[in-house]
Amino acid sequence: MLQQTPVARVLPVWAEWLARWPEPRDLAAVAPGEAVRAWGRLGYPRRALRLHGCAVALTERHDGAVPADLGALRALPGVGQYTAAAVGAFAFGIRAAVVDTNVRRVHARAVSGLALPAPSLTAAELTLAEALLPEDPAIAARWSVAVMELGALVCTARSPDCSRCPLAAHCTWVATGSPAYAGPPRRTQAWHGTDRQCRGVIIAELRSSARPISVGDLAEHWPDNDQFARSLSGLLSDGLVEQVEPGWLQLPGLTD
DNA sequence: GAATCGTGGTG
DNA sequence: TCACCAAGATT
């Protein structure tokens with residue numbers, strides 16, 4: 001849930017999920033569509049599908065438990081390098097570099113003297129994070145929490161509060177006069193009129209309906225028919241939407 | 001490596 | 001108002 005989504009927005013949905021599905025096997029026992037519906041408006045609904053897939057994999061391959069092993073974590077759907085490291089370090093005390101957007105920004109400023117990190121994670125950043133990580137696993141985990149929190153609360157993207165930063169006296173970026181970002185352009189994602197928005201509209205409609213919806217009724221919610229067809233096709237191949245019978249759609253696995 | 005994938009708060 | 005950005009992963 002936290003992948004690309006602010007903590008404050010995740011918290012209420014997360015609490016609701018854990019109350020409803022306390023264990024992986026509880027989530028694995030329901031249809032994937034239930035997960036997509038309970039995902040609400042967190043965005044990137046494929047994550048709901050993958051989280052459900054995680055619950056199934058944990059139930060089938062790990063006796064319903066989360067494995068304390070980076071390789072096994074990484075093999076779960078939707079779990080990449082960051083998530084495997086975060087779960088490994090914070091849940092199990094495994095020594096792993098946890099490099100999220102906050103950590104990348106703190107390192108970019110304090111060590112590399114840059115206002116912001118590159119658009120995507122580089123090998124050099126991973127090498128740096130590993131080099132900075134304390135040797136003792138338990139201390140390494142606390143280190144990662146500390147750097148993440150520093151980035152989230154003090155060394156923020158828009159307006160860092162350097163007067164409140166414990167690293168200010170050692171920060172390369174501050175020492176060099178806090179130069180502006182000079183890297184490659186950071187492109188903002190288009191939204192209005194995009195397939196992304198169209199997909200969002202389709203999922204929102206299906207999420208709010210207890211029953212299957214006809215393709216025709218669904219198409220009423222989007223002005224461009226070709227784009228609607230393309231977006232729906234994508235959702236079907238993603239497994240986010242299911243055709244219960246020709247022309248009738250619903251979230252996956254819901255028997256209505 | 002680049003493109004794709006949601007949504008809402010905020011300066 | 002609107003561009004920016006948020007505990008990334010996958011293809």
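Only this structure's heavy atoms are used, side chains among them; waters, hydrogens and symmetry mates stay out. Quick note on labels: first sequence line is chain A, next is B, and so on, each numbered from 1.
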**Study point:** Heavy-atom neighbours of A/Glu16 CD exceed 12 at 6.0 Å
**Key:** no
Review point. Within a reach of under 6.0 Å around CD of A/Gln81, are more than 12 heavy atoms found that belong to other residues, nucleotides or ligands?
Key: no
Practice item. Give the other cluster members for A/Val56, using side-chain heavy-atom distances under 4.5 Å between Ile, Leu, Val, Met, Phe, Trp and Tyr residues; answer none if it is isolated. Key: none
Check your understanding: When you compare B/dA3 with C/dA7, how far apart are their P atoms, in angstrom units rounded to a whole number?
Key -> 24 Å
Point to revise | Interatomic distance where CG belongs to A/Leu126 and C1' belongs to C/dG8 [whole Å] | key: 13 Å
Check your understanding: How about A/Arg142: does its CZ atom have over 12 heavy atoms from other parts shown lying under 6.0 Å from it?
Key -> no
Point to revise | Pairing residues for A/Thr127 by the side-chain contact (heavy atoms from CB on, under 4.5 Å) criterion, not counting sequence neighbours | key: none
Practice item. Applying ring-ring contact (aromatic ring centres under 6.0 Å, His included), name anything that partners A/Trp21, two or more places apart in sequence or on another chain. Key: A/Trp17
**Study point:** Validation row: A/Leu218, A/Phe228 side chains within 4.5 angstrom (heavy atoms)
**Key:** yes
Exercise for review: Could you check whether A/Leu116 gets within reach of a base, just the sugar-phosphate, or nothing at all, counting any heavy atom under 4.0 Å?
Suggested key: sugar-phosphate
Check your understanding: Hey, where on DNA chain B does chain A first and last touch, going 5' to 3'? Cut-off is any atom under 4.0 Å from a heavy atom.
Key -> B/dC5 to B/dG11
**Study point:** Which atom of A/Pro119 lies closest to which atom of A/Pro184, heavy atoms considered
**Key:** CD-CG, 3.8 Å
**Study point:** Any residue of residues 151-166 of chain A with a heavy atom less than 4.0 Å from an atom of DNA chain C
**Key:** A/Ala157, A/Arg158
Review point. Do A/Leu240 and A/Arg199 touch side chain to side chain, with heavy atoms closer than 4.5 Å?
Key: yes
Check your understanding: Near A/Trp14 CH2, under 6.0 Å, is it more than 12 heavy atoms from other residues, nucleotides or ligands?
Key -> no
Point to revise | side-chain contact (heavy atoms from CB on, under 4.5 Å) partners for A/Thr83, two or more places apart | key: A/Gln3, A/Val79, A/Val87
Practice item. Check DNA chain B against residues 183-193 of chain A and give the residues with a non-hydrogen atom under 4.0 Å, in numerical order. Key: A/Gln189, A/Trp191
Check your understanding: Is there a residue in residues 194-202 of chain A whose heavy atoms reach under 4.0 Å of DNA chain C, and which residues are they?
Key -> none
Revision key, fill the gap. Per the under-4.0 Å heavy-atom filter, residues of residues 2-13 of chain A near DNA chain B come out as A/Gln4, A/Thr5, A/Arg9
Point to revise | Heavy-atom side-chain proximity of A/Leu153 to A/Asp161 below 4.5 angstrom | key: no
Check your understanding: Is there a side-chain contact between A/Val98 and A/Tyr82, using heavy atoms and a 4.5 Å cut-off?
Key -> yes
Check your understanding: So how far is it from A/Glu135 CD to A/Arg95 CZ, rounded to the nearest 0.5 Å?
Key -> 4.5 Å
Check your understanding: Quick one: salt bridge (charged side-chain N to carboxylate O under 4.0 Å, His left out) pairs with a partner in residues 22-31 of chain A, sequence neighbours left out?
Key -> none
Point to revise | Validation row: A/Ser231, A/Trp222 side chains within 4.5 angstrom (heavy atoms) | key: no
Check your understanding: Considering only heavy atoms, which members of residues 32-59 of chain A lie under 4.0 Å from some atom of DNA chain C?
Key -> A/Arg50
Check your understanding: Expressed as a whole number of Å, how far does the P atom of C/dA9 sit from that of B/dG8?
Key -> 22 Å
Check your understanding: Counting only non-hydrogen atoms, which of residues 80-112 of chain A are less than 4.0 Å from DNA chain C?
Key -> A/Gly80, A/Gln81, A/Tyr82, A/Thr83, A/Asp100, A/Thr101, A/Asn102, A/Arg105
Review point. A/Trp39 versus A/Leu51: any side-chain heavy-atom pair under 4.5 Å?
Key: yes
**Study point:** Option among A/Arg105, A/His107, A/Arg104 that satisfies the side chain to side chain contact (heavy atoms under 4.5 Å, CB included) test with A/Val147
**Key:** A/His107
**Study point:** Min side-chain heavy-atom separation A/Arg109-A/Leu167 under 4.5 Å
**Key:** no
**Study point:** Any A/Ile213 side-chain heavy atom under 4.5 Å of A/Leu249 side chain
**Key:** no
